[in-house]
A.B. asks: 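Below is a structure I'd like to ask you about.
We're numbering straight along the sequence, starting at 1.
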Amino acid sequence: MIAQEQIPTVLEHPVYDTEGKKIGDAKHVFLDDATGRPEWVTVKTGMFGTNESFVPIKDASVVSDHLEVPYSKDRVKGAPHVDVDGGGHLDASEEQRLYEYYGIAWDEAWQRANEPGDRGWARGDGDGTAGAAGTAGLAGAAGTAGTAGTAGMPGTDDTAAPLGDAMTRSEERMHVGTEEVETGHVRLRKYVVTEEVQQTVPVRHEEVRVVREPITDANRDEALSGPEISEAEHEVTLHEERPVVETRAVPVERVRLETDEVTEEETVTGQVRKERIEIEGEDTGVARDPGNGLGR
């Protein structure tokens, strides 16, 4: 069990479980009104420390700059939620629920000392004074004892204290990405077309030409070799060249498809939702900060 003078060492310091895992930070220390000894410590747990769980401080110990409790992290986080009245006192029935949850025997002497009224506890909440035996007061960071028989009052301090459970303000953020989609298909298709091509080529042919030769001493014998008077025929075969067309397939080029990436900039427009927090009341005394979502 820790002493009153160790309360400043506990408040706002880490709390670890039996396996050395951090549970959270100590927020308040509750004192026994009858004895003035610390009995409970609340630990801020959950995301961003939005929950407070009660843990018995009886078997806890202060090690260096943190508090170690003989319970697992999961057990502490699963402790029953209890409501504390405006004066910082635990109701007897709620305190009994906590005892039963942690498996601690109900103290008959404690019951007799506090019947028929409620069980009173002092809450650690900033600098202040702790009530002495038989009184209820706030256990402050200074941890000094109040005068016996009088109610310990919280010390004056300019330190801001939480007014209640906090709200988490959320907003949506737009994240723009890209996705690849099909925009069309391109394919190569080969087909045959017929074209007319003109080309001029030289061609030769034979023609008949009559040649008359006079009788001379050189050809006289050949001319008189036949009969004197007779009938005869002489035939000449004529020749000519004609164009012949022949086609041959020859490769002229290769064609293929390639893709090029072109980067362009496009502007997109979307809608995001934001939460706003309003403070209601005639005079809250709290400055409104539109940048943090307070007010409109």
Side-chain angles (χ1 to χ4, degrees), residues 1-108 110-111 114 118-128 130-131 136-141 143 159 161-168:
M1 178 182 292
I2 69 170
Q4 284 192 8
E5 57 269 19
Q6 292 178 295
I7 292 178
T9 308
V10 173
L11 294 178
E12 303 299 339
H13 284 73
V15 179
Y16 288 81
D17 67 0
T18 53
E19 298 179 356
K21 298 179 181 178
K22 182 180 177 180
I23 304 173
D25 294 327
K27 182 62 178 176
H28 303 109
V29 173
F30 284 69
L31 306 180
D32 186 339
D33 280 350
T35 65
R37 294 194 301 264
E39 290 290 336
W40 300 91
V41 60
T42 62
V43 184
K44 294 170 62 177
T45 62
M47 185 175 295
F48 308 113
T50 55
N51 299 321
E52 284 190 47
S53 299
F54 278 78
V55 188
I57 207 170
K58 176 177 179 295
D59 296 320
S61 58
V62 177
V63 179
S64 184
D65 61 345
H66 65 271
L67 182 69
E68 292 184 0
V69 295
Y71 304 100
S72 67
K73 181 177 181 179
D74 290 340
R75 189 170 187 184
V76 173
K77 293 178 67 175
H81 175 74
V82 298
D83 292 326
V84 179
D85 63 25
H89 288 75
L90 277 174
D91 182 85
S93 61
E94 292 181 335
E95 189 252 351
Q96 182 176 1
R97 287 173 55 206
L98 290 171
Y99 269 129
E100 292 175 351
Y101 176 78
Y102 285 102
I104 300 175
W106 191 249
D107 189 351
E108 295 182 359
W110 174 89
Q111 293 183 63
N114 290 274
D118 291 341
R119 173 73 160 175
W121 300 95
R123 180 179 64 185
D125 194 14
D127 290 342
L138 295 174
T159 304
L163 300 179
D165 291 338
M167 286 186 180
T168 299

A.B. asks: Measuring from atom CD of Glu19 to atom CG of Asp74, what distance do you get when rounded to the nearest 0.5 angstrom?
C.D. replies: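 It comes to 8.5 Å.
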A.B. asks: On a heavy-atom basis, which atom in Pro8 and which in His13 lie closest, and how many Å separate them?
C.D. replies: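 Nearest pair, atom of Pro8 first, then His13: O-CE1, 3.8 Å.
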A.B. asks: I need the Ile104 CD1 to Gln96 CD distance, nearest 0.5 Å.
C.D. replies: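 Ile104 CD1 to Gln96 CD: 12.5 Å, rounded to 0.5 Å.
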A.B. asks: Between Tyr71 and Val76, what is the shortest heavy-atom contact and its length?
C.D. replies: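 Here Tyr71 and Val76 meet closest at CB-CG2, 4.0 Å.
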A.B. asks: Taking Tyr102 for its side chain and Ala79 for its backbone only, find out whether a donor-acceptor pair lies under 3.5 Å.
C.D. replies: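 Not confirmed, Tyr102 side chain does not pair with Ala79 backbone.
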A.B. asks: When you look at Val41 and Val10, which way does the side chain to side chain contact (heavy atoms under 4.5 Å, CB included) test go after all the steps?
C.D. replies: CA-CA 9 Å; Val41 60; Val10 173; 4.2 Å; yes
A.B. asks: Between atom CG of Asp25 and atom OG1 of Thr42, what is the distance when rounded to the nearest 0.5 Å?
C.D. replies: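 Between Asp25 CG and Thr42 OG1, I get 10.5 Å after rounding to 0.5 Å.
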A.B. asks: Please step through side chain to side chain contact (heavy atoms under 4.5 Å, CB included) for the pair Glu95 and Phe54, ending with a clear verdict.
C.D. replies: CA-CA 10 Å; Glu95 189 252 351; Phe54 278 78; over 6 Å; no
A.B. asks: Just verifying a value: how many Å separate Thr18 OG1 and Glu68 CD, rounded to the nearest 0.5 Å?
C.D. replies: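 The distance works out to 9.5 Å.
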A.B. asks: Look only at the side chain of Arg75 and the backbone of Tyr101, and say whether a donor-acceptor pair between them is shorter than 3.5 Å.
C.D. replies: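 Yes; at least one donor-acceptor contact below 3.5 Å.
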A.B. asks: As a quick check of understanding, evaluate side chain to side chain contact (heavy atoms under 4.5 Å, CB included) for Ile7 and Leu31, giving each step before the final call.
C.D. replies: CA-CA 10 Å; Ile7 292 178; Leu31 306 180; 4.0 Å; yes
A.B. asks: Is there side-chain contact between Val69 and Ile23, with heavy atoms separated by less than 4.5 Å?
C.D. replies: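 They are in side-chain contact.
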A.B. asks: For the residue pair His66 and Tyr16, categorise the inter-ring angle as parallel (less than 30°), tilted (30 to 60°) or perpendicular (more than 60°).
C.D. replies: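 The rings of His66 and Tyr16 stand perpendicular, inter-plane angle above 60°.
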A.B. asks: For residues Ala60 and Leu67, report the shortest heavy-atom separation together with the two atoms involved.
C.D. replies: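 It is CB-CD1, 3.8 Å.
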A.B. asks: Quick test of your reading of the model: are Glu12 and Lys27 salt-bridged, counting only N-O distances below 4.0 Å?
C.D. replies: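 Result for this pair is yes, salt bridge flagged.
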A.B. asks: Give the minimum heavy-atom separation between Val29 and Pro38, together with the two atoms involved.
C.D. replies: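 Closest approach of Val29 to Pro38, heavy atoms only: CG1-CB, 3.8 Å.
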